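As the structure lists them, so they are numbered: ligands from 1, and atoms in each ligand from 1. Owing to the predicted nature of the structure, the values given are computational and were not obtained by experimental measurement.
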Amino acid sequence: MILTGAGISKESGLDTFRDAEGIWAKVRLEDVATPEAFHRDPGMVHEFYNARRAQLRQANVVPNAAHLALARLEREWPGEVTLITQNVDDLHDRAGSQSLIHMHGQLTKARCPTCNLVSPWPGALTIASQCPGCHFEGLRPHIVWFGEVPMGLRRIYTALDEASLFVSIGTSGSVYPAAGLVAYALEKGVERTVELNLEPSDGSRLFDERRYGPATEVVPAWVDALLA
Ligand code: APR
């Protein structure tokens, strides 16, 4: 089981959240990442996600060596590999990861609050964007906001019950339930836990092995060692 966070996409040109230059240093999450914010000012919430969606489409924003190494691990590892990401970007998808759970949603999709249809949405969303299924006017980003339940939790906990190895990559470990997955895996008897990050996360003491440095260096080296 591998859990990734914003740190793995940093070297692809996407900002993290809680670093000094991170997204939450520039924007108040209460203004753009809660159901209340969307109710209050949907235009402002759309603007925030439209900008991030547009950034994702820039030609230089591509999967980096860390995303590619995890896709290779899934292809070459003799057992099962499940990748859980908190990232709403599509860099793991584009790198070729197949067994992938986007627990915080996906930037490139929109969801209808009325009929729940999830549609591919590569461009901008506005308050007038219509659901292609039921034509309701008022689509929302397919994003899990603060106060909402993450996606795929049943699949995540079922996979964790069986996991022998839990690896956390590029996450500060400050947002639950993602931050609690390592403790859950330990309770269920996981054999080994590994943290790969730029610096020790909030829960670093829960990991047997810790490697610190930029993801594009640390992750490919760790995958090479595991497959060797
Ligand atoms: N390589 C590896 N790790 C890095 C790099 C890098 N190049 N750059 C930064 N990091 C590390 C930081 O040290 C930090 O520990 O990545 C982590 C990023 O932490 P956060 O910004 O808190 O991002 P994340 O853990 O993914 O946040 C979780 O918070 O706001 C929400 O929904 C959002 O999914 C997100 C959740």
When you measure from [atom] to each heavy atom in [options], which option holds the nearest one?
{"atom": "atom 14 (C) of ligand 1", "options": "Asn197, Leu198, Asn64", "answer": "Asn197"}
{"atom": "atom 35 (C) of ligand 1", "options": "Trp24, Phe17, Phe146", "answer": "Phe17"}
{"atom": "atom 22 (O) of ligand 1", "options": "Ser172, Pro200, Ala33", "answer": "Ser172"}

Return a yes/no value for [X]: is any of its N or O atoms, backbone included, closer than 3.5 angstrom to an N or O of ligand 1?
{"X": "Pro214", "answer": "no"}
{"X": "Ala6", "answer": "yes"}
{"X": "Glu11", "answer": "yes"}
{"X": "Ile8", "answer": "no"}

Which heavy atom of [X] sits nearest a heavy atom of [Y], and at what distance?
{"X": "Ala215", "Y": "Ala66", "answer": "O-CB, 3.6 Å"}
{"X": "Ile156", "Y": "Met151", "answer": "CD1-O, 4.0 Å"}
{"X": "Ser99", "Y": "Glu74", "answer": "N-OE2, 3.0 Å"}
{"X": "Leu181", "Y": "Leu3", "answer": "CD1-CD1, 4.3 Å"}
{"X": "Ala128", "Y": "Glu137", "answer": "O-CG, 3.3 Å"}

Got the closest protein heavy atom to [atom], with its distance?
{"atom": "atom 27 (O) of ligand 1", "value": "Arg18 NH1, 3.1 Å"}
{"atom": "atom 5 (C) of ligand 1", "value": "Gly7 O, 3.6 Å"}
{"atom": "atom 25 (O) of ligand 1", "value": "Thr171 OG1, 2.6 Å"}
{"atom": "atom 1 (N) of ligand 1", "value": "Ala215 N, 2.8 Å"}
{"atom": "atom 32 (O) of ligand 1", "value": "His104 ND1, 3.5 Å"}

Report, in ascending order of atom number, the atoms of ligand 1 lying under 4.0 Å from any heavy atom of [X].
{"X": "Glu199", "value": "13 (O)"}
{"X": "Gly170", "value": "3 (N), 16 (O), 17 (C), 18 (C)"}
{"X": "Asp19", "value": "9 (C), 12 (C), 13 (O)"}
{"X": "Gly5", "value": "26 (O)"}

Would you call Asp19 and Lys10 a salt bridge, taking side-chain N to carboxylate O under 4.0 Å as the test?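 No, this pair does not count.
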Salt bridge Lys109-Asp90, side-chain N to carboxylate O under 4.0 Å: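 Result for this pair is no, no salt bridge flagged.
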So for atom CD1, which belongs to Ile127, do other residues, nucleotides or ligands contribute more than 12 heavy atoms lying within a distance under 6.0 Å? no
Is any side-chain heavy atom of Phe38 less than 4.5 Å from a side-chain heavy atom of Pro113? no
If we count only N and O atoms by modelled type, under 3.5 Å, do the side chains of Thr171 and Gln86 hold a donor and an acceptor together?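 Side chains of Thr171 and Gln86: pair found under 3.5 Å.
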Should the pair His67 and His92 be assigned to parallel (<30°), tilted (30 to 60°) or perpendicular (>60°) ring geometry? perpendicular
Val175 and ligand 1 - part of the residue with a heavy-atom distance under 4.0 Å: side chain
Have a look at ligand 1 and work out which part of Gln86, if any, has a heavy atom under 4.0 Å from it: side chain, backbone, both or neither. both
